[in-house]
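What follows is a single structure, written as structure tokens, with notes after it.
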Number of protein chains: 2
Amino acid sequence: MSGDAQISRLKPGRRTNIRRENERAILDAAEKVFAEAGFGGATMQLIADMAGLPKANLHYYFATKEDLYRKVVQQIFEIWLDAASSFDDAPGPVEGIGAYIDAKMDISRTHPHGSKVWASEVMHGAPVIQDYLETTLRDWTNGRIAVIQRWIDEGKMRPVNPRHLLYMLWATTQHYADFGHQIQTLNNGKPLSDKQWEEAKASVKDMVLRGIGAI
Amino acid sequence: MSGDAQISRLKPGRRTNIRRENERAILDAAEKVFAEAGFGGATMQLIADMAGLPKANLHYYFATKEDLYRKVVQQIFEIWLDAASSFDDAPGPVEGIGAYIDAKMDISRTHPHGSKVWASEVMHGAPVIQDYLETTLRDWTNGRIAVIQRWIDEGKMRPVNPRHLLYMLWATTQHYADFGHQIQTLNNGKPLSDKQWEEAKASVKDMVLRGIGAI
DNA sequence: CTTCACCTTGACCATACGGTCAGGAAATGA
DNA sequence: TCATTTCCTGACCGTATGGTCAAGGTGAAG
């Protein structure tokens with residue numbers, strides 16, 4: 001890739017650039033391989049080939065396979081939390097939950113690999129991100145539960161269990177990434193089109209928002 | 001060994017019994033190990049230890065790791081389809097979908113390992129059960145879509161997209177198994193109690209059935 | 001040009017894994 | 001009793017994998 005004319009003049013220098021670009025290539029390749037083969041099934045050789053680097057070079061940037069995997073999971077967690085902001089600054093559930101569903105459905109489409117890695121990590125007992133679950137995720141969850149409860153108290157939606165509503169949101173939106181292969185198979189082997197994705201988002205929002213009495 | 005007076009054990013044939021019992025022990029251990037470590041991360045040695053048998057004995061009953069894995073997945077698929085019958089013979093969505101949610105939530109609680117193996121298999125592109133997806137699952141899905149459409153035509157529920165309703169049902173119910181660890185962490189590290197499971201089932205049914213206008 | 005910090009990589013190593021096999025034990029039937 | 005089938009298992013093997021290392025390349029600063 002060219003066009004780094006202005007980037008090459010950055011203060012950290014060319015060297016730092018090489019590092020950043022290689023780390024990015026490796027992380028992108030790793031995310032895909034970990035998603036498709038699982039941690040145990042992924043090999044450093046495969047990731048190296050996909051990143052276009054010799055295997056020994058991976059170990060120059062990432063000490064161990066676990067280290068690389070940890071970085072991939074953390075990266076996903078960042079994206080994950082960004083979508084969370086859709087929830088905030090919303091006057092009510094229609095806007096807040098609606099935007100959250102939109103954001104998470106978009107992530108399922110644009111970052112299916114990341115979603116799968118996250119799912120796999122949690123399914124295997126969250127060996128590397130357990131602390132995140134117990135701190136960041138727990139805090140975020142409790143915060144959103146409070147927001148939902150406030151909406152309920154304000155009569156903007158029915159009195160549903162906020163926690164199970166969140167689980168339903170996570171489950172349903174991530175399903176389109178994690179079980180994308182199954183969905184594609186049931187769609188005559190073809191990926192969902194732009195139109196079908198809009199239909200999916202609309203369906204999910206419609207059923208959820210009506211389910212909680214926000215419409 | 002002391003000579004027990006139990007004759008009942010010999011009735012169906014001792015040989016067949018030994019085979020059946022060992023195959024069961026191996027399959028149970030394999031389901032758990034595959035769920036917790038993934039196919040690539042699982043080792044025959046670990047499965048053997050958990051089943052209480054020497055590794056070489058596994059290969060006496062199951063030729064290869066793939067063969068054992070395939071049997072585990074098929075076994076899950078059977079349980080899966082059994083719950084599907086909840087859908088049939090129902091006069092309307094409240095009974096049909098309500099019973100289906102109950103059945104799938106129960107499976108998530110009693111067979112969490114199986115659910116995870118299934119999820120992992122699909123996430124990795126369904127390498128061994130692709131044919132099931134294209135035949136049995138596709139047929140079942142189309143059949144249920146027809147049932148849901150009939151209910152819609154009969155005015156028993158709102159005109160939602162039946163396909164996305166099914167995806168939501170699968171996603172939400174299986175989430176309690178696949179992401180059970182996350183749910184447990186957010187539940188102060190403790191598994192959901194009987195009461196909490198009832199609350200979960202009630203919440204899901206409530207939100208879904210209202211979401212489709214069946215209540 | 002020299003220096004020096006950073007980057008690159010082929011070759012190599014120890015280990016762990018899936019799978020094999022031969023020989024023996026135990027159950028069954030004649 | 002003996003013969004036959006089924007079951008059991010320690011020891012072994014080839015391979016693939018994660019990881020190491022030493023030697024060499026590269027570019028910018030002095």
Side-chain angles (χ1 to χ4, degrees), chain A residues 1-2 4-5 7-27 29-30 33-34 36-73 127-128, chain B residues 1-27 29-30 33-34 36-73 127-128:
Chain A
M1 285 302 184
S2 58
D4 52 340
I7 301 177
S8 62
R9 292 181 73 259
L10 283 176
K11 187 161 83 177
R14 173 83 170 281
R15 243 58 205 258
T16 309
N17 231 24
I18 292 178
R19 168 170 285 270
R20 180 160 34 227
E21 283 172 12
N22 280 341
E23 285 182 348
R24 175 107 318 269
I26 294 169
L27 282 170
V33 173
F34 281 135
E36 290 175 349
F39 177 80
T43 69
M44 295 297 272
Q45 187 61 63
L46 201 62
I47 296 171
D49 291 346
M50 193 161 293
L53 295 169
K55 192 187 69 167
N57 212 345
L58 293 212
H59 285 98
Y60 173 75
Y61 289 105
F62 300 92
T64 67
K65 187 182 176 185
E66 280 81 3
D67 187 38
L68 176 54
Y69 175 74
R70 182 171 288 110
K71 294 282 167 50
V72 169
V73 173
V128 322
Chain B
M1 288 303 177
S2 60
D4 300 341
Q6 322 294 352
I7 315 171
S8 58
R9 201 162 45 109
L10 302 174
K11 199 65 186 290
R14 177 76 171 283
R15 238 64 205 251
T16 310
N17 236 20
I18 291 177
R19 170 168 284 269
R20 180 162 36 226
E21 284 171 12
N22 280 340
E23 284 182 349
R24 175 108 315 272
I26 294 169
L27 282 171
V33 173
F34 281 134
E36 289 174 351
F39 177 81
T43 69
M44 295 297 272
Q45 187 62 62
L46 201 62
I47 296 171
D49 292 346
M50 191 161 295
L53 295 168
K55 192 187 69 165
N57 211 348
L58 294 212
H59 285 98
Y60 174 75
Y61 288 106
F62 299 92
T64 67
K65 188 183 177 185
E66 280 81 2
D67 186 38
L68 175 55
Y69 175 75
R70 183 171 287 110
K71 294 282 166 52
V72 169
V73 174
V128 321

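Reminder, nothing fancy here: chain letters follow the sequence lines and each chain counts from 1. Note that the coordinates shown come from a computational prediction; the quantities given were computed from them, not determined experimentally.
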- Message: For B/F39 and A/P54, find the nucleotide of DNA chain C closest to each by heavy atoms; which residue's nucleotide sits nearer the 5' end?
- Response: A/P54
- Message: To the closest 0.5 Å, what do you measure between CD1 (A/I26) and OH (A/Y61)?
- Response: 7.0 Å
- Message: Suppose we screen for side chain to side chain contact (heavy atoms under 4.5 Å, CB included). Which residues come up paired with B/L46, at least two apart in sequence or across chains?
- Response: B/V33, B/T43
- Which of the following nucleotides, D/dC8, C/dG19, C/dG10, is nearest to the side chain of B/K55? C/dG19
- Could you give the OH-to-C1' distance, from A/Y60 to D/dT20, as a whole number of Å? 15 Å
- Query: Taking the side chain of A/E66 as its heavy atoms from C-beta onward, which of C/dG19, D/dG19, D/dC7 lies nearest to it?
  - Reply: D/dG19
- Message: Using whole Å, what does the distance between atom P of nucleotide C/dG18 and atom CZ of B/F62 come to?
- Response: 15 Å
- Message: Rounded to whole Å, please give me the gap between CE in A/M44 and C1' in C/dT15.
- Response: 17 Å
- Whole angstrom value for the distance that separates C1' of C/dA5 from CZ of A/R19: 12 Å
- In sequence, state the C-alpha distance, the side-chain angles, and the governing distance for B/L68 and B/L27, and then conclude on side-chain contact (heavy atoms from CB on, under 4.5 Å). CA-CA 7 Å; B/L68 175 55; B/L27 282 171; 3.9 Å; yes
- Query: What nucleic acid atoms does A/A48 come within less than 4.0 Å of, heavy atoms only: base, sugar-phosphate, or nothing?
  - Reply: nothing
- Which value, rounded to the nearest 0.5 Å, describes the distance between B/R19 atom CZ and B/R24 atom CZ? 14.0 Å
- Item | Spacing of A/L46 atom CG relative to D/dG18 atom P, expressed in whole Å | 10 Å
- Nearest heavy-atom contact between B/A29 and B/I47 is CB-O, 3.7 Å
- Task: Round to a whole Å and report the spacing from OH of A/Y69 to P of D/dG18.
- Result: 15 Å
- Task: Can you figure out which of D/dC8, C/dG10, D/dT9 approaches the side chain of A/A56 most closely?
- Result: C/dG10
- Message: Could you check whether any side-chain N or O of A/K65 sits under 3.5 Å from a backbone N or O of A/A42, counting only pairs where one atom can act as donor and the other as acceptor?
- Response: yes
- Message: Classify A/Y61 by what it touches in the nucleic acid, base, sugar-phosphate, or nothing, heavy-atom distance under 4.0 Å.
- Response: sugar-phosphate
- Nearest of C/dT20, D/dT9, D/dT17 to any side-chain atom of A/T43? D/dT17
- Run the side-chain contact (heavy atoms from CB on, under 4.5 Å) check on B/E23 and B/K71 step by step: do they pass? CA-CA 10 Å; B/E23 284 182 349; B/K71 294 282 166 52; over 6 Å; no
- For atom CG of B/L58 and atom P of C/dT20, their distance in whole Å: 13 Å
- Under the ring pair (Phe, Tyr, Trp, His ring centres under 6.0 Å) test, which residues partner A/Y69, sequence neighbours left out? A/F34, A/F39
- If you check every side-chain atom of A/K65, which of D/dG19, C/dT9, D/dT9 has the closest atom? D/dG19
- Atom CG of B/L53 to atom C1' of C/dG19: distance rounded to whole Å? 17 Å
- Item | N/O (side chain, A/N57) to phosphate O (OP1/OP2, C/dG10) under 4.0 Å | no
- Could you check which of C/dG18, D/dG10, C/dC7 has an atom nearest any side-chain atom of B/H59? C/dG18
- Task: For the helix from C/dC1-D/dG30 to C/dA30-D/dT1, measure the angle between the helix axis at one end and the axis at the other, each built from five pairs, rounding to 10°.
- Result: 0°
